[in-house]
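So that the names make sense, note that chain A is the first sequence line, chain B the second, and so on, each numbered from 1.
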Amino acid sequence: MSQVVQGRGRAGFIAGFLLAPLALYLTFVIWPYVQTFGYSFTNWTGQSPTFDFVGVDNYSALMKDEVFRGALWNNLLLLVFVPAVTILLALFFAFMVNAGGRGGAGGVQGVAGSRLYKVVYFFPQVLSLAILAVLFGAVYRTDEGGLLNGVLIRLGIVDRMHPIEWLNEPRLVLWCLLLVVVWHGVGFYLVLFSAAMQSIPKDIYEAALLDGAGRAQTFFRVTLPLLWDSVQTSAVYLGIAAMDMFVLVSTMTSGQFGGGPDHHSEVMATVLMRNFLYFGKSGYACAMGVVMLVLTMILSVITLRATRRERIEF
Amino acid sequence: MGSTGEGLGRRDLIKRSAALGLISVPTMSFLSACASGGGDTTKGPDKAAVSKENPFGVSKGGKMDVVVFKGGFGDDYAKAWEAAFDKKWGTTSSHLGTQEITGKLQTRFNGGNPPDVVDNSGAQRIKLDVLFKSNQLADLTPVLDAPSLDDPSKKVRDTLIAGTIEQGTQGGKFVSLNYVYTVYGFWYSGKLFKEKGWTPPKTWDEFLAICAKAKEAGLGGLAHQGKYPYYINVVIMDLIAKKGGLEAMKAIDNLEPNAFEGSAAALAAVEAVYEVVEKDLLLPGTNGLTHTESQTAWNQYKAAFIPSGSWLENEQLKQTPDDFDMQFLPVPVLADSKLPFEAIRAGAGEPFIVPEKAANKPGGLEFIRSMLSREWSTIFAQQANSLTVVKDGVDPGVKLRPGTQSAVTALKAAGTNTFNYLYPDWYSEMDTAIQDASNELMAKRIQPKEWIKRAQAAVNKAAQDPNAKNNRRS
C-alpha cells in the first residue's frame, strides 16, 4: 500500500514539473495550429477582427490555384533532390575523410589532410541563411560583376552583352537554389556521418581490408549499413527543410516574398506569405498552412516507415 | 524578407511597407486588447492664450516630444526643425529617430502618453486606420484653417499641392499630413549627356535614339531595377497615361473591362517599352539586378537612363560621383499623346500625425503648421533631398542638389499636368500580377499582346473583389 501512495506521489511530482512546459507547448504550438485550422474556414483578411465563416471555399479555391499547385510541385522536386544530393555528397566526403585513405601501416584512416577538410566543410553551416542569400546573390549576379558570369565571360563562354540571368531564368532558378541548400547542408551532415562512422569499430574495417575489399566495397558493405540510422534521420530533416525553403526563396528571387520569375521558383511557404501579408487573404493562407502541415506529417510518417530496418548491434 | 544588408532604401519603404505594415496589425489588436488600461488621464496641457500669431495657444517654455521614422530621408531634417521650433517658442524638444515606430510607440499610445508629433512611416508604422478607429489621432483641420506662416492673409490649406488633403483624410477628418512629394520618371547624368553631346529626349523615338547611341558608345541604354519589376512598370503605366490621357488611367483604376484589352494606348505603350528589349538596348544583365546594383551601375556611367521616384538622389547619395549632375526626365511621349511631355506622375507620402492625447497638443499642431512654411519645407529639401507638399515650397535662393533641383523645375513645368495611379494601393494582387508580366516582357519571354492579356486578366480578377465597389475615381 505504501508503494501505491509513493507511486502516486511520484506521478504527481513529475506531473507538477511537466505542467509548465506542457502549458507552454499547448499555448504556443498546439493552440496556434488549432487557430490556423479554424481561420482556414473563414475569409479573414488579417487586418480586421471581423470575418465570416465560408466553409471549405478556401480549400476548393486552393485546388484550382495554379500558382499554389506549381509551388507544391517545386516543393516535391526539392523534396527529392535536396535530401538525395546532400546525403550522397555528405556520405562520400565523410567516407573519404574517415576511411577513404590508403591503408598504410596505421590501418584505416582518412585521405591526407582529412582533419582540415572536416573543418572546412563545416564552414558553410556556420553562416546564417541571410548571409547565404547575400553571398549567393553575388555569385548569381546577372551582370559581369557576378562571380559566375564574371568567370564565364573571362573564359569566353558567355557573351558580355548577354550574361546568364541565373535567378531570372525560369529553367535555372530552382536548381540554383538547390545548389545553395546543398552547399550549406553538406558540411553539417558530413560531421554527423563522421561521428557515426567513428563509432564503427575499426576492426570491422581492418577485417574488410584483410579480406581485400576496395574502397567501394567497404563503403557499400560496411559503412552504409552501419550508418543507416543516421541516414534516415538526415533524410527526414532535409525533407522538412525542403518543404520550407522560405528564407532563401523569398530573399534571393524576384517578386513579393520571392517566387519569381513568374512563379517559377515558388514554394508553398512563399505563396502562403504573400497571400497572408500582402494580398490580405489570411483565411486562404491559413488553408495553405493546413495543407502544408498535413503534407509534412504524411511525409515524415512515410519516410520513417519506409526506411525502418533492423538495427545492427556492434 | 530582403534583409540583404543593404540598408533600408526608399524602395524598401514604399514597396514593402505595405506588406510588412500588415504584420503590426494582428500584434496591434492583440496588444491593445490587453494593454489598453492606460485610461483617459487627460492632463490638461498648459495652454496659453490664443492669438493670431499663436492660433493653437502654444505656451512658451513647454516641452516637445517628436518621434520620426529614420529611413531613406534620415532624421537630420527633423533635428533642424526642432532647433528652429525651440528657438521660436522657447521649448525643450526631445527627439527620437527610429525605424521601430510600432515597437517604440505602441505602449505609449495605449498608456495615454504618446509623443506630440509622429512621422508614422516605414515597415513598422502603426496602421493609420487602426489609430483612427481608436480615437488616437488629432483632427488637423484647425491647422488647415490657420493662417500660413509665409503669408498670414492665406490659409494653410491654400498653400498645399492639390490632393494632399484628400490623401490625409479618414472618415471625413484630416488626420495625417503626407508631407513628402514624390515625382516619378527617368533619371540621367547631366555630365554624361554633356560629354556625349546628347540632348534629353522628349519623344520616345528620341529616347530610343539616345539608347542606341549609348550602345554604340559601349554603354547600356536603359538600366532598370529588374529584380523589382515595380520600376519598369512605372514606365509602362506612365506611357499609357500619357498616351491615352487621364481617361486611360482611370479606366485601369476603375477596373474597366477594356482597361488594357482593346486599349490602343496600352498596346502602344507596351510595344514601345518592348522595343527597348528587342533592339537590345538594355544594360546587360539589368533584368536580374536589385535596385542598389542597377542604380549603382548607372551611377558608374554604365547606362544612360534609369527609372525611379525622386527618392533616388538621397538613396544613391554615397554612390553618386560629385560631378555626376543627376537630372530628372519626365517619361518621353509617344506620337499623338493626350498629355504633354511635361506631365508627370506625382504623389505624396510620409504621413505626419499629432496624437489626440499628446501632452503638448497645441505644440504639435503648431509644429505641423511650421512644417508647411516655406522655411521648413526648404530645410527638408536641403537635408533630405526631396520635395514637400508645400506649393512652390522651396526658396529659389537656396542651392539644392542637382537631382532635387531638376525635380522642382520639372514639377513647375508640369503645372496641373500631374497624375497618379491608385490601383497599387487598392489592389495589391493585381499590381503584383501586372509586375510579373512586365518582368516577363523585359526578359523577352512574352510579347506585348500577351502582356495585355495578362494585365487584363488581372484587372478582371480584381473586379470580382467585393471591395472593388467602394473604390472608384472620377
Side-chain angles (χ1 to χ4, degrees), chain A residues 43-49 67 128-131 133-135 137-138 140-146 149 153 158-171 173 246-247 249-264 270 273-282, chain B residues 1-6 15-16 18-23 25-26 28-30 33 127 129-130 133 215 218 220 223 225-230 280 282-290 293-294 296-297 300 302 427-433 435-437 439-440 442-443 445-446 454 465-467:
Chain A
N43 63 357
W44 182 42
T45 61
Q47 291 193 66
S48 98
V67 174
S128 77
L129 285 175
I131 295 174
V134 176
L135 205 67
Y140 292 136
R141 203 180 142 140
T142 52
D143 64 1
E144 55 185 329
N149 272 320
I153 288 170
V158 168
D159 174 13
R160 197 183 72 86
M161 298 308 289
H162 301 100
I164 301 176
E165 296 174 359
W166 299 99
L167 294 173
N168 195 32
E169 281 289 343
R171 276 166 307 160
V173 59
F246 176 73
V247 176
V249 176
S250 65
T251 46
M252 294 187 67
T253 61
S254 66
Q256 201 58 248
F257 292 107
D262 204 26
H263 306 302
H264 280 99
T270 55
M273 223 31 194
R274 194 175 312 119
N275 277 284
F276 193 93
L277 285 180
Y278 198 68
F279 293 166
K281 292 172 152 183
S282 302
Chain B
M1 59 183 290
S3 51
T4 44
E6 291 156 348
K15 289 283 282 90
R16 298 175 188 179
L20 292 175
L22 300 182
I23 296 177
V25 178
M28 277 268 315
S29 46
F30 176 67
K127 287 286 271 189
D129 53 340
V130 176
K133 278 177 201 144
K215 195 186 173 191
Q225 301 82 338
K227 192 179 172 193
Y228 307 104
Y230 163 84
D280 207 8
L282 287 176
L283 170 73
T286 193
N287 285 335
L289 295 183
T290 67
E293 289 165 353
S294 55
T296 304
Q300 292 162 350
K302 286 184 184 162
Y427 313 110
S428 42
E429 195 169 353
M430 163 179 153
D431 186 28
T432 311
Q435 287 182 25
D436 282 347
N439 184 38
E440 293 299 284
M442 297 316 281
R445 288 192 287 264
I446 63 172
R454 288 173 65 157
D465 182 343
N467 287 327

message = Need one label for B:Asn439: side chain, backbone, both or neither, based on atoms under 4.5 Å from any heavy atom in chain A.
response =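 Looking at B:Asn439, just its side chain touches chain A.
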request  = Using a 4.5 Å cut-off on heavy atoms from C-beta on, say whether the side chain of A:Glu144 contacts that of B:Pro284.
outcome  =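 Counting from C-beta outward, B:Pro284 and A:Glu144 never come under 4.5 Å.
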request  = Take A:Gln256 and B:Asp431 through the side chain to side chain contact (heavy atoms under 4.5 Å, CB included) test and state the conclusion after the steps.
outcome  = CA-CA 11 Å; A:Gln256 201 58 248; B:Asp431 186 28; over 6 Å; no
message = As an exercise, state the distance from CG of A:Asn168 to NZ of B:Lys227, rounded to the nearest 0.5 Å.
response =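 These two atoms lie 10.5 Å from each other.
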ask   = Distance from A:Ser254 atom OG to B:Gln225 atom CD, nearest 0.5 Å?
value =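 Going from OG on A:Ser254 over to CD on B:Gln225, the span is 13.5 Å.
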task = Considering only heavy atoms and a distance below 4.5 Å, find which of B:Asp436, B:Asn287, B:Leu283 pairs most often with chain A.
result =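 Heavy-atom pairs under 4.5 Å are most numerous for B:Asn287.
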Candidate pair A:Arg274 and B:Glu429, rule side chain to side chain contact (heavy atoms under 4.5 Å, CB included), full reasoning = CA-CA 9 Å; A:Arg274 194 175 312 119; B:Glu429 195 169 353; over 6 Å; no
For A:Pro170 against B:Arg445, the heavy-atom pair lying closest together =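 That would be CD-NH1, 3.1 Å.
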query = So B:Thr286 and A:Asp143, side chain to side chain contact (heavy atoms under 4.5 Å, CB included) or not? Walk me through it.
reply = CA-CA 7 Å; B:Thr286 193; A:Asp143 64 1; over 6 Å; no
ask   = Under a 4.5 Å heavy-atom cut-off, does chain B meet the side chain of A:Pro163, its backbone, both or neither?
value =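 Only the side chain of A:Pro163 comes within 4.5 Å of chain B.
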